[in-house]
Number of protein chains: 2
Amino acid sequence: MGKTATKLGHDEVVATALDLVVREGPDALTMRRLATELDVGTPTIYWHVGSRDELITAMVRTQSRRLADRPVTGGTPRERVLSAAFNLYAGAIEHRSVTSLANQSGASSLLLQDLEAVLLAELEAAGLAGDACGDALRSILVVVTGALVLTLRDYAHLPEDDRAATLWAGCDLEALTTETLRAVVHHHVPGEEPT
Amino acid sequence: MGKTATKLGHDEVVATALDLVVREGPDALTMRRLATELDVGTPTIYWHVGSRDELITAMVRTQSRRLADRPVTGGTPRERVLSAAFNLYAGAIEHRSVTSLANQSGASSLLLQDLEAVLLAELEAAGLAGDACGDALRSILVVVTGALVLTLRDYAHLPEDDRAATLWAGCDLEALTTETLRAVVHHHVPGEEPT
DNA sequence: ACCTGAACACCGTTCAAGT
DNA sequence: ACCTGAACACCGTTCAAGT
């Protein structure tokens, strides 16, 4: 099984690791398991990527690049910024196993890094610059990160919870994210002035 | 060493585990290490708390209760809600090792659970009810969770990052959190009407 | 330069057995 | 009911040794 071994290099190890996590979840990412997947001895992986932490960093960075393809929609600057921000959330949720892995490893911010550029462009197009632009960007990232963590909460395998059920049960997390994002976008991005 | 063994029960195991994490960080929490700390065989811990996940759940729940003491300040409803919300953030940051453990385990929302009651009371005092109240509460929790994750980002031991440095270097995370919270609080909580 | 077998020092968890 | 020694089935990582 597995691909016909062309040569094996750093990038192929990272790609296979991502594939493994997508297929079998974050817990399946084991150096030995990954080695088996590549038909290779375990130390080989260390030779190519250094360590498990470095591997995860490389994986998240790659995933970050892959997420940057979603088109930004909307007519007004506020709508476009909101769209770009929601794209961060939607993309990360779509590959939830990789996002979960990033969260567990404290690499959530790294996952959003390449997407920040898209968002930044929209913010500048909306007329923001300097500190105002950075503040807006950071605020939006706070909301996206929080929304991701709370959405993937039950992806963790912890015991159930009583009261949280009443607060989050049947809650539309996409709508919550949009609404929260709208609040901070409206706060930072100027809207249409009535002529 | 250690306390004179009174009896050893579920709560003492949890308390000792919390103490260990506060003193030596999240990674020090090992069943064997905890057993040593309690002068007890490893299986004894399993007898009292069931498993590592159940232990962490109990720890986070206890920590959640301990965080609920901060006083709410402010004159207007908006100020009081903002104060209560920021208290969630400040309390969790003050015990960052426990918060980090909760994040890694996907129990962040559990950590904030007891604090939600305080926040809920302020929201209701501000005149919110029903869905509007729940929406406001959930939005605020999104922001607090995101702020926590981004603040504790470097608590993880992942390799450094280049561009993120320019975006987050020298950034006042408390101010960012306050500002982002203000945006969603203003969005949800009605302000003073000019008479 | 690239890859390996074998080992080191750990994990979480279980289980028969003790009192 | 409460506690243990010893084991099972894993981990991440290293290292001498191969080609």
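The model shown is predicted, which means the values in this text are computed figures rather than measured ones.
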Novice: Nearest to the side chain of B:Ser51, heavy atoms from C-beta on, is which of C:dT13, C:dC11, C:dT4?
Specialist: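 Nearest nucleotide to the side chain: C:dT13.
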Novice: Checking the side chain of B:Arg182 only, and the main-chain atoms of B:Leu82 only, is there a donor and an acceptor separated by less than 3.5 Å?
Specialist: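 Flag not set: sc B:Arg182 to bb B:Leu82 has no pair under 3.5 Å.
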Novice: The side chain of B:Arg52 lies closest to which of these nucleotides: C:dT13, C:dC3, D:dC2?
Specialist: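 The listed nucleotide nearest to B:Arg52's side chain is C:dT13.
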Novice: Can you check the B:Asp53 CG to C:dT13 C1' distance for me, whole Å?
Specialist: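 Between C1' of C:dT13 and CG of B:Asp53: 12 Å.
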Novice: Would A:Glu179 and B:Arg138 pass as an ion pair if we require N to O under 4.0 Å?
Specialist: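 B:Arg138 and A:Glu179: not salt-bridged.
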Novice: Distance check, P atoms only: C:dA17 and D:dC2, in whole angstrom units.
Specialist: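 Straight-line distance between the two P atoms is 22 Å.
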Novice: Please give, in whole Å, the distance from D:dT4 C1' to B:Met31 CE?
Specialist: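 Whole-Å distance recorded here is 16 Å.
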Novice: Give the rounded distance in Å between these two atoms: CZ of A:Arg32 and P of C:dA7.
Specialist: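 To the nearest whole Å, that distance equals 13 Å.
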Novice: Given atom CG of B:Asp39 and atom P of D:dC3, what is their separation to the nearest angstrom?
Specialist: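 Answer to the nearest Å: 12 Å.
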Novice: Below 4.0 angstrom from OP1 or OP2 of C:dC2, is there any side-chain N or O of A:Thr44?
Specialist: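 Negative; the distance criterion is not met.
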Novice: Does A:Met31 belong to the same Ile/Leu/Val/Met/Phe/Trp/Tyr cluster as A:Val40, with side-chain heavy atoms less than 4.5 Å apart forming each link?
Specialist: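 Shared cluster, yes.
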Novice: Check whether B:Leu8 and B:Val49 end up in the same hydrophobic cluster, where Ile, Leu, Val, Met, Phe, Trp and Tyr are linked by side-chain heavy atoms less than 4.5 Å apart.
Specialist: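 In one cluster: yes.
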Novice: Counting only side-chain heavy atoms from C-beta out, which of D:dC15, C:dT13, D:dC11 sits nearest to A:Thr30?
Specialist: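 So the side chain of A:Thr30 is nearest to D:dC11.
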Novice: Quantified in whole Å, what is the C1' atom distance between nucleotide D:dC3 and nucleotide C:dC15?
Specialist: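 Pairwise C1' distance, D:dC3 against C:dC15, rounds to 13 Å.
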Novice: Map A:Trp47 and A:Pro43 onto DNA chain C by nearest heavy atom, then report which one ends up closer to the 5' terminus.
Specialist: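 The 5'-side residue here is A:Trp47.
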Novice: Just how far, in rounded Å, is P of C:dC11 from CG of B:Leu29?
Specialist: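 Value for this atom pair: 11 Å.
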Novice: In whole angstrom, what separates A:Asp27's CG from D:dG12's P?
Specialist: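 My rounded result for the distance is 11 Å.
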Novice: Taking the side chain of A:Thr42 as its heavy atoms from C-beta onward, which of C:dT13, D:dT13, C:dA6 lies nearest to it?
Specialist: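 Shortest atom-to-atom distance from the side chain points to D:dT13.
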Novice: Going by purine N1 to pyrimidine N3 plus the second Watson-Crick contact, or the G-U wobble pair, all under 3.5 Å, which nucleotide sits opposite C:dG12?
Specialist: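 With both distances under 3.5 Å, C:dG12 matches D:dC8.
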Novice: With no hydrogens and no angle check, is any side-chain donor or acceptor of A:Thr16 less than 3.5 Å from a backbone partner on A:Glu12?
Specialist: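 The answer is yes, because a donor-acceptor pair under 3.5 Å joins these two groups.
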Novice: Under 4.0 Å between a side-chain N or O of B:His48 and OP1 or OP2 of D:dC3?
Specialist: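 Yes, because at least one side-chain N or O of B:His48 sits under 4.0 Å from OP1 or OP2 of D:dC3.
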Novice: Please tell me which of the listed nucleotides, C:dT13, C:dT4, D:dG12, lies nearest to the side chain of A:Tyr46?
Specialist: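 Nucleotide nearest to A:Tyr46's side chain: D:dG12.
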Novice: Whole-Å distance between C:dG12 C1' and B:Glu54 CD?
Specialist: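 That distance rounds to 13 Å.
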Novice: Could you please name the option among C:dC2, D:dC3, C:dA6 that lies closest to any side-chain atom of B:Leu8?
Specialist: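 Closest of the options to the side chain of B:Leu8: D:dC3.
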